Amino acid sequence: MISVAVMGYGTVGSGVVEIIDKNKKKINEKAGDEVSVKYILDLRDFPGDPHQDKFIKDYKILVDDPEVDIVVEALGGIGTAYKFTKEALLAGKSVCTSNKAVVAEHGPELLKIAKENNCTYIFEASVGGGIPIIRPLHTSFTAEKIESITGILNGTTNYMLTKMDEENCDYDEVLKEAQAKGYAEQNPEADVCGYDACRKIAILTSLSCGKTVHYQDIRTEGITNIDKADFEYAKKLNSSIKLLGLSRMENGKCLCIVAPFMVNEKHPLSMVRGVFNAIMVKGNMVGDTLFYGQGAGKLATASAIVADIVDCAVNKGKTIECLWKDEDAILADDSEKYFSYFVRVKKNSFEEISKSLQAEKVLDSENDEIGFVSKKISEEEFLKIKDNYEAAIINYIRILDC
Ligand code: HSE
C-alpha cells in the first residue's frame, strides 16, 4: 500500500483525490501497488464530502505517521507550504507539488533535502499545469543541449490577450471578464504583471542548465500597458501579441526575459489561444519541439500531480534525480540581448526617435502617433533611448524572431 497525504483541499488538492478515486485501477497498475489517500489536511470543514474520515487539521499527524509515503503539497503560498514540505522531506516522505512559488524560491534546497533523506521532491504541475514539460526536459531531452525555451506560460493573460485581439476589447473590460469567469484573481498582479510566468521560466531554465536562475534576476514586464491600438498595429505586422517567457542558452550564459512580444502569424505560438499554454523547446539535435495544453485548471493540474505520485510510488525508498544545483547560472546582461522593437511615438518626435532606433518599417500613422519597427539592437541600447524619450514613447513591444 502506498499511503498519500494531501495538504490543502482546494481546487488542486480535491482534484488529486478525485483522480485517485476515478482512475484507481489504472493508477494502481502503474504504481505496482495500491495508492490510497490516508489524510487530507485542511483547516476548513467539508460537510458531506465522502472522505470525512480522512480530514485532519494538524500537519504533525501526517509528518509523524510512518505509514505516509507521499505528501501532496497543494496549499499555495510560500511560508507554510515551504515549512510543511521541508518537514515532510526530512521525515523521508516524497513531496509532489504544483506550487511554483516554492519551487522557484527553494527548489535546490528542497531537492537536496530530498536526496539526503532518500525521497523525492517533484513538481511537474508547477509549470504548464497538465502539460508534460518537466519530465520531458529531464528524460526525453537527455541527449540534447537545450538551446532555447519560449513559452506562453500564463493562461489568464493569454485569455485576456486573445480576447483583446479577437474582439477588439479594452484591457480593463477584458480583465473584469477574466475575473468574473474565475481565470483572473481579484488581485490580478501575479498574472498581469508577469510574475507567475517569471517563476515558471526561472524553473524551466534552471532545469535546462542544471544551475539556479533566480526569478528576481529576470527582467519581467506584464501586459498592463497593452491597449487596443497595439493590436491594430499587430494586425498590420501579421502578428498577435503574446506574453512570453523566453530563455536562450548561448556561450554558457542564459538570456531570460518575460514580456509581451509581437508573434508573427507563421509562428506556432501565435495559434495558442484562450487559456491554453504552450512551450517550445529547441534542442541542438532534435530542433524545435512544442508542448501544448491546459496550463491550469483542477483536473489538468491534478493529473500531473498524480503522475508524480505514481513516479514516487515506483521509486519508493529512492530519490528521483533532478539535475538542478544550488549554484547560480550565469545570466546574459542587457548588452547581450538583441531584439527588434515595435515602437509607438508621438508624431512630433518620430524623426528623432526613429533615427536613433534605426526604423526599418514605418506603419500608418494613427491619430497623433506613428508606429515603427526598429532595427535589431541591444536591450541596453534600447532602454537607454527609451529613457531619453520617455515622454514621447507611447508604448513598445519586442518582436519575436520567427
Ligand atoms: N494563474 C495561473 C495562470 C495559474 O493563469 O496560468 C496556473 O499557474
Side-chain angles (χ1 to χ4, degrees), residues 73 75-83 85-86 97-113 121 123 125-128 133-134 137 146 148-157 185 187-225 242-261 277 279 295 322-339 378-380 382-384 386-387 396 398:
E73 188 272 287
L75 295 164
I78 297 196
T80 308
Y82 165 64
K83 176 177 150 66
T85 298
K86 196 168 167 177
T97 190
S98 59
N99 191 331
K100 76 219 120 194
V102 174
V103 178
E105 187 83 46
H106 300 289
E109 182 203 351
L110 294 171
L111 287 164
K112 189 163 167 264
I113 296 174
Y121 182 53
F123 39 85
S126 65
V127 181
I133 180 64
I134 288 177
L137 272 181
I146 307 291
S148 68
I149 301 173
T150 312
I152 294 174
L153 299 167
N154 183 268
T156 305
T157 47
E185 307 279 342
N187 175 359
E189 250 194 7
D191 294 318
V192 298
C193 296
Y195 307 149
D196 174 82
C198 172
R199 280 163 178 80
K200 291 169 177 169
I201 197 70
I203 294 170
L204 293 180
T205 312
S206 299
L207 291 170
S208 304
C209 67
K211 294 181 184 172
T212 302
V213 174
H214 298 281
Y215 68 88
Q216 301 92 330
D217 296 336
I218 299 177
R219 179 181 301 284
T220 299
E221 295 173 10
I223 64 162
T224 50
N225 290 335
K242 298 287 182 195
L243 180 71
L244 299 181
L246 190 142
S247 77
R248 307 259 177 275
M249 286 51 128
E250 279 164 20
N251 311 318
K253 293 187 180 177
C254 304
L255 176 168
C256 298
I257 188 166
V258 172
F261 276 78
N277 283 194
I279 303 141
C322 177
L323 298 176
W324 177 356
K325 284 193 226 144
D326 193 3
E327 189 183 310
D328 291 354
I330 305 172
L331 296 186
D333 64 38
D334 286 344
S335 67
E336 297 166 289
K337 299 173 192 165
Y338 279 76
F339 297 107
S378 75
E379 182 89 0
E380 185 181 42
F382 175 78
L383 294 175
K384 237 185 253 165
K386 178 185 85 82
D387 287 347
Y396 65 91
R398 294 168 185 82

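The residues of the chain are indexed from 1 along the displayed sequence. Remember, predicted model here, so these are calculated numbers, not experimental data. All values below were derived from every heavy atom in this structure, side-chain atoms included, with hydrogens, water molecules and symmetry-related copies excluded.
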- For Phe339, the option from Phe261, Tyr396, Phe382 that meets ring pair (Phe, Tyr, Trp, His ring centres under 6.0 Å): Phe261
- Message: Minimum heavy-atom separation for Leu243 and Ala259, please, with both atom names.
- Response: CD1-C, 3.6 Å
- What one should report as the nearest heavy-atom pair of Gly128 and Asn277 is CA-OD1, 4.0 Å
- Is any side-chain heavy atom of Thr220 closer than 4.5 Å to a side-chain heavy atom of Cys193? no
- Quick check: does any side chain N or O of Thr150 sit under 3.5 Å from a backbone N or O of Ser247, one acting as donor and the other as acceptor? no
- Query: Hey, is Lys384 close enough to Asp387 for a salt bridge, meaning N to O under 4.0 Å?
  - Reply: no
- Task: With rounding to the nearest 0.5 Å, note down the distance linking NZ in Lys386 to CD in Glu379.
- Result: 9.5 Å
- Task: Check whether any side-chain heavy atom of Leu255 lies under 4.5 Å from a side-chain heavy atom of Leu331, and answer yes or no.
- Result: no
- Task: Nearest 0.5 Å please: distance from the CD1 atom of Ile149 over to the CG atom of Leu204.
- Result: 5.0 Å
- When rounded to the nearest 0.5 angstrom, what distance separates CG in Leu153 from CZ in Arg199? 13.5 Å
- Query: Is the shortest heavy-atom distance from the side chain of Glu105 to the side chain of Ile78 under 4.5 Å?
  - Reply: yes
- Task: Indicate yes or no: at least one non-hydrogen side-chain atom of Asp333 is less than 4.5 angstrom from one of Glu380.
- Result: no
- Message: Set out, in order, the CA-CA distance, both residues' side-chain angles and the distance that settles side chain to side chain contact (heavy atoms under 4.5 Å, CB included) for Cys322 and Leu207, then state yes or no.
- Response: CA-CA 8 Å; Cys322 177; Leu207 291 170; 3.5 Å; yes
- Query: Counting heavy atoms not belonging to Asn251, are there more than 12 under 6.0 Å from its CG?
  - Reply: no
- side chain to side chain contact (heavy atoms under 4.5 Å, CB included) between Glu109 and Tyr82, worked out: CA-CA 11 Å; Glu109 182 203 351; Tyr82 165 64; 2.9 Å; yes
- Task: Specify the closest pair of heavy atoms between Lys100 and Asp196, including all atoms of both residues, with the distance to one decimal.
- Result: NZ-OD1, 2.8 Å
- Search all heavy atoms of Ser378 against all heavy atoms of Ser335 and return the closest pair with its distance. CB-O, 3.8 Å
- Query: Just how far is it from atom CD1 of Ile113 to atom NZ of Lys86, taken to the nearest 0.5 Å?
  - Reply: 5.0 Å
- When rounded to the nearest 0.5 Å, the distance separating NZ of Lys200 from OH of Tyr195 is 15.5 Å
- Query: Excluding sequence neighbours, so at least two apart, what forms side chain to side chain contact (heavy atoms under 4.5 Å, CB included) with Ala81?
  - Reply: Glu73, Leu75, Asn99, Val102
- To the nearest 0.5 Å, what is the distance between NZ (Lys337) and CD1 (Ile257)? 5.5 Å
- Message: Any non-hydrogen side-chain atom of Glu250 less than 4.5 Å from a side-chain atom of Glu336?
- Response: no
- Measure the shortest side-chain to side-chain distance between Phe123 and Leu110 over non-hydrogen atoms and say whether it is less than 4.5 angstrom. no
- For Val258 and Ala197 the tightest heavy-atom approach is CG1-CB, 4.0 Å
- Minimum side-chain heavy-atom gap Thr97-Thr85 below 4.5 Å: no
- For Ala104 and Tyr215, the nearest pair of non-hydrogen atoms, with its separation, is CB-CD2, 4.0 Å
- N/O donor-acceptor pair under 3.5 Å between Ser206 side chain and Val213 backbone: yes
